[in-house]
Trainee: 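Got a structure for you, questions after.
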Amino acid sequence: MSHAATTRVQEYIGDPVSDSPPVDREKLEEIFQDIQADLRFDHELNGCLNCGICTATCPAAHYYDFSPREIVQLLWTENLEAIYDAMQEKIWSCAQCYTCAARCPFGNSPGGLVMLMRETAIKHGMESAKSVLRPFSRVMLKLISTGNQLSPDMINPEGFADWGPNISKVDAPLATLRKAIPMPTLHTTATAWEVNLKTSVELYTIWEETGVLDSLETIDENLFDVIMDIMDEKRDDYEDWLDEQDD
Ligand code: SF4
Ligand code: SF4
């Protein structure tokens with residue numbers, strides 16, 4: 001008699017009240033193993049008293065349907081379905097302030113565990129990761145291509161419509177104002193400070209070697225292509241500059 005036919009372990013896990021397609025158990029195990037395999041996992045999770053101190057001091061728990069105690073418990077008890085479920089929405093509520101890590105009597109870091117779950121969500125190209133990161137594509141483009149997160153010319157009525165009338169206070173002759181700053185490296189408007197070619201090329205190597213670009217390709221292929229074009233161009237410029245020095 002086959003035991004497979006009578007097993008109580010479901011092969012596919014779905015949410016009975018949503019239209020989202022069920023996920024197979026193998027995928028859930030793969031996701032949990034990726035979280036657990038990270039070198040930081042054993043450092044961030046030492047056990048859990050279920051005392052709730054982390055949730056009591058968590059700012060995100062005050063405003064959202066989110067509890068660091070719950071996240072830690074899910075990982076500690078290896079609740080694969082609920083871990084996957086939390087990765088659809090809850091983990092994106094954490095503000096990464098690490099108040100929880102400072103307070104936990106067990107030395108856990110719930111915020112650090114959330115970070116591992118977020119990185120895994122990105123690695124697996126989860127829709128939740130894509131939709132959370134989509135509004136930040138302009139900032140990611142600036143950060144990865146120049147090493148600057150924001151630049152003066154991004155602060156304009158179009159870029160910060162949610163600032164309302166206050167945006168007029170920064171709607172000023174930027175190039176002139178920036179020149180009034182004593183440090184010459186800050187006389188730029190397209191970047192927050194001047195980043196030389198060598199530094200840019202070194203940054204690109206870091207993004208490549210640390211897997212940042214692979215992650216970006218998984219969640220936003222178009223943005224990845226644009227950034228690759230910029231990187232190729234800057235690398236060519238750097239090579240030309242090096243050739244000029246040899247002449
Ligand atoms: S993670 Fe720490 S603070 Fe939070 S419930 Fe567990 S033991 Fe308590
Ligand atoms: S790091 Fe995240 S989970 Fe921890 S206290 Fe801050 S918001 Fe809450």
Side-chain angles (χ1 to χ4, degrees), residues 13 15 18 20 23 27-140 142-144 147-150 160 162-163 206-207 210-212 214-216 218-220:
I13 311 297
D15 181 343
S18 99
S20 52
V23 185
K27 181 77 180 166
L28 297 181
E29 281 168 5
E30 192 191 329
I31 287 171
F32 180 61
Q33 277 160 15
D34 276 346
I35 298 170
Q36 211 179 20
D38 192 286
L39 284 176
R40 292 164 289 177
F41 186 83
D42 286 341
H43 181 257
E44 315 286 45
L45 181 56
N46 304 300
C48 180
L49 299 167
N50 216 354
C51 64
I53 290 174
C54 52
T55 297
T57 58
C58 169
H62 284 277
Y63 296 102
Y64 302 106
D65 176 20
F66 170 73
S67 156
R69 179 198 58 76
E70 183 192 348
I71 299 289
V72 172
Q73 279 291 314
L74 297 181
L75 293 167
W76 182 240
T77 57
E78 303 188 5
N79 186 336
L80 305 192
E81 295 90 336
I83 288 169
Y84 182 82
D85 191 45
M87 288 167 82
Q88 302 311 307
E89 190 171 346
K90 288 185 179 174
I91 58 166
W92 305 102
S93 301
C94 168
Q96 293 290 304
C97 68
Y98 291 95
T99 308
C100 51
R103 301 283 164 82
C104 173
F106 234 91
N108 297 327
S109 172
L113 293 166
V114 164
M115 179 60 84
L116 298 184
M117 293 167 86
R118 287 178 174 181
E119 288 174 11
T120 305
I122 291 170
K123 180 182 169 191
H124 286 264
M126 283 187 180
E127 274 311 312
S128 64
K130 290 181 184 176
S131 62
V132 163
L133 294 172
R134 201 167 289 127
F136 299 100
S137 56
R138 206 160 78 109
V139 171
M140 283 200 284
K142 182 67 90 180
L143 178 62
I144 297 177
N148 282 226
Q149 190 177 1
L150 276 172
F160 288 86
D162 56 327
W163 280 22
I206 292 171
W207 303 139
T210 55
V212 168
D214 291 339
S215 300
L216 181 66
T218 310
I219 55 161
D220 192 335

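For ligands, and for the atoms within them, numbers begin at 1 and follow the listed sequence.
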Trainee: So for atom OH, which belongs to Y98, do other residues, nucleotides or ligands contribute more than 12 heavy atoms lying within a distance under 6.0 Å?
Mentor: yes

Trainee: Just wondering, more than 12 heavy atoms not from F41 lying within 6.0 Å of its CZ?
Mentor: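 Above 12, so yes.
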
Trainee: Under 4.0 Å from a heavy atom of G111: give me the atoms of ligand 2 that qualify, with their elements.
Mentor: 1 (S)

Trainee: Output the list of atoms in ligand 1 that are nearer than 4.0 Å to some heavy atom of L49, sorted by atom number.
Mentor: 6 (Fe), 7 (S)

Trainee: To which protein heavy atom is atom 1 (S) of ligand 2 closest, and what is the distance rounded to 0.1 Å?
Mentor: Y98 N, 3.0 Å

Trainee: Taking atom CG as the centre, does D65 end up with more than 12 heavy-atom neighbours from other residues, nucleotides or ligands that are less than 6.0 angstrom away?
Mentor: no

Trainee: Give the atom numbers and elements of ligand 1 that come within less than 4.0 Å of a heavy atom of P105.
Mentor: 3 (S)

Trainee: How far is atom 2 (Fe) of ligand 1 from the closest protein heavy atom, and which atom is that?
Mentor: C104 SG, 2.3 Å

Trainee: Can you confirm whether more than 12 heavy atoms, excluding those of K123, are under 6.0 Å from its NZ atom?
Mentor: no

Trainee: Could you check whether atom CD of E89 has more than 12 heavy atoms from other residues, nucleotides or ligands sitting under 6.0 Å from it?
Mentor: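 At most 12 heavy atoms, drawn from other residues, nucleotides or ligands, come within 6.0 Å of this atom.
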
Trainee: Any atoms of ligand 2 less than 4.0 Å from a non-hydrogen atom of P68? List them with their elements.
Mentor: 3 (S)

Trainee: Quick check: does any side chain N or O of T218 sit under 3.5 Å from a backbone N or O of D214, one acting as donor and the other as acceptor?
Mentor: yes

Trainee: Taking 4.0 angstrom as the limit and counting only heavy atoms of N108, give me the atoms of ligand 1 inside it, by number and element.
Mentor: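 Atoms satisfying the 4.0 Å criterion: 1 (S), 2 (Fe).
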
Trainee: Of all the atoms in ligand 2, which lie at a distance below 4.0 Å from a heavy atom belonging to F66?
Mentor: 3 (S)

Trainee: Looking only at heavy atoms, is any part of N50 under 4.0 Å from ligand 1, and if so is it the side chain, the backbone, or both, or is it neither?
Mentor: backbone

Trainee: For the side chain of S128 and the backbone of M87, is there at least one donor-acceptor N/O pair under 3.5 Å apart?
Mentor: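 Indeed, once roles are kept as given, a pair shorter than 3.5 Å links the two residues.
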
Trainee: Looking at side-chain heavy atoms only, is the closest gap between F66 and I91 below 4.5 Å?
Mentor: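 The answer is no; the side chains never approach within 4.5 Å.
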
Trainee: Consider ligand 1: state whether an atom of it lies below 4.0 angstrom from any non-hydrogen atom of G52.
Mentor: yes

Trainee: Quick one, V132 and R118 - any side-chain contact, counting heavy atoms below 4.5 Å?
Mentor: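 Sidechains of R118 and V132: no contact.
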
Trainee: Heavy-atom contacts with C100 under 4.0 Å: which atoms of ligand 2 show up? List them by number with element.
Mentor: 1 (S), 3 (S), 4 (Fe), 5 (S)

Trainee: Have a look at S93, C97, A95 and point out the one with the heavy atom closest to atom 6 (Fe) of ligand 2.
Mentor: C97

Trainee: Can you tell me if C51 has an N, O or S atom under 2.8 Å away from atom 8 (Fe) of ligand 1?
Mentor: yes

Trainee: Does any N, O or S atom in C58 come within less than 2.8 Å of atom 2 (Fe) of ligand 2?
Mentor: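 No - counting backbone and side chain alike, C58 has no N, O or S atom under 2.8 Å.
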
Trainee: With heavy-atom distances below 4.0 Å as the criterion, list the atoms of ligand 1 near C54.
Mentor: 1 (S), 3 (S), 4 (Fe), 5 (S)

Trainee: Ignoring hydrogens and angles, tell me if any N or O in the side chain of N108 forms a donor-acceptor pair with the backbone of P110 under 3.5 Å.
Mentor: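 Looks like no, no N/O pair under 3.5 Å.
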
